[in-house]
Amino acid sequence: MVVTAPKHLRHSEIDRFVAARKDWIRAVRERLARARAGRDPAIFSLRPARIDLPAVGETWRVVHGQASGELCGQGPDTAELLLQLPANEPIEAVVWQLHGWLKNRARHALTPRIQALAQAHGMTYGRLSFRNQKSRWGSCSSKGNLSLNARLLFCSPEACRYVLIHELVHLEHPNHSPDFWQRVAELCPDYRRHMRELKTVWHRLPDWVTAS
Ligand SMILES: [Zn+2]
């Protein structure tokens with residue numbers, strides 16, 4: 001457990017604060033342990049059996065082993081998306097491949113969406129890049145280059161669209177001024193709800209996504 005406290009607090013005061021809340025701490029720990037136990041091991045592992053990407057409505061079945069060098073393709077059922085990963089490589093290598101795959105999926109699926117939105121609203125951006133970032137959903141540089149977090153694929157389609165709009169509106173307003181938010185609201189009236197969802201997505205990411 002990590003306790004964050006202002007600098008001027010004495011250690012004894014912090015200890016007293018923690019001691020006074022020990023029941024609450026125990027309850028939270030138990031709840032987290034139950035949540036971990038209830039997680040689907042097929043998804044919540046570094047070798048996932050399935051990958052759901054709600055933002056783009058895709059479910060991938062992951063096959064570990066008999067790697068032919070083919071990283072993705074169609075399963076026997078043509079509607080099934082198949083991701084093939086080597087079984088004999090160390091887990092770090094598998095996670096690294098998954099991260100690369102996720103960024104490619106994001107590039108493939110989100111590039112046409114942001115292009116369509118930019119075109120519809122007369123916005124022009126420079127370069128577009130995709131990253132697997134820990135703390136931000138996207139950014140817009142002063143030169144008009146956009147960066148999007150590949151983890152957006154784990155949000156709802158609506159929340160994902162809001163982030164694309166947020167970054168595009170920065171091309172017109174490079175700040176979070178009232179004008180910026182007014183323009184966001186014009187293009188995405190429900191944006192406050194999507195912001196609330198985005199805060200919770202960080203805690204629901206599969207383990208292989210956040211592993212480094
Ligand atoms: Zn912003």
Side-chain angles (χ1 to χ4, degrees), residues 2-7 28 32 35 43-44 48 51-60 95-212:
V2 177
V3 179
T4 311
K7 263 194 193 132
V28 170
L32 290 174
I43 304 169
F44 295 98
I51 299 174
D52 288 312
L53 304 176
V56 289
E58 289 178 359
T59 295
W60 290 75
V95 166
W96 188 78
Q97 281 199 25
L98 280 166
H99 286 183
W101 173 83
L102 186 69
K103 278 188 267 187
N104 275 332
R105 281 320 300 158
R107 183 174 298 113
H108 191 87
L110 301 183
T111 301
R113 290 173 195 225
I114 197 161
Q115 271 171 355
L117 281 168
Q119 207 165 12
H121 302 293
M123 296 148 158
T124 317
Y125 55 84
R127 274 183 292 116
L128 176 62
S129 58
F130 291 87
R131 302 189 186 140
N132 183 18
Q133 283 169 300
K134 282 192 175 67
S135 61
R136 47 200 318 202
W137 289 114
S139 63
C140 175
S141 78
S142 56
K143 290 185 176 146
N145 296 324
L146 304 182
S147 166
L148 294 172
N149 196 334
R151 298 179 182 190
L152 280 171
L153 295 176
F154 296 98
C155 305
S156 69
E158 298 77 21
C160 178
R161 179 179 175 275
Y162 155 67
V163 173
L164 305 188
I165 286 172
H166 181 118
E167 299 312 331
L168 286 171
V169 172
H170 274 316
L171 295 165
E172 297 174 353
H173 303 277
N175 49 46
H176 291 125
S177 61
D179 287 348
F180 167 86
W181 288 114
Q182 199 189 326
R183 182 74 167 129
V184 168
E186 270 170 40
L187 304 181
C188 185
D190 249 356
Y191 75 91
R192 284 174 199 278
R193 186 163 59 85
H194 305 320
M195 285 170 84
R196 281 197 296 277
E197 181 199 318
L198 288 166
K199 282 200 185 117
T200 69
V201 175
W202 297 112
H203 311 297
R204 292 192 270 114
L205 293 169
D207 290 342
W208 63 265
V209 177
T210 52
S212 50

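As the structure is a prediction and not an experimental result, all values here were calculated from the model. Whatever order the structure lists ligands and atoms in, that order sets their numbers, starting from 1.
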Q: Return the set of residues passing side chain to side chain contact (heavy atoms under 4.5 Å, CB included) with His99 (not counting sequence neighbours), or none when no residue passes.
A: Val95, Asn132, Trp208
Q: Listing by chain and number, what protein N/O/S atoms are under 2.8 Å from the Zn ion (ligand 1)?
A: His166 NE2, His170 NE2, His176 NE2
Q: Any donor and acceptor pair, going by atom type alone, linking the side chain of Arg151 with main-chain N or O of Gln133 inside 3.5 Å?
A: yes
Q: Residues two or more places apart in sequence or in another chain: which of them pass side chain to side chain donor-acceptor pair (under 3.5 Å) with Thr200?
A: Arg204
Q: Would you call the rings of Phe180 and His166 parallel, tilted or perpendicular, taking 30° and 60° as the class edges?
A: perpendicular
Q: Restricting to pairs with a member in residues 115-131, which pass side chain to side chain donor-acceptor pair (under 3.5 Å), not counting sequence neighbours?
A: none
Q: For Arg161, is there an ion pair with Glu158 - N to carboxylate O distance below 4.0 angstrom?
A: no
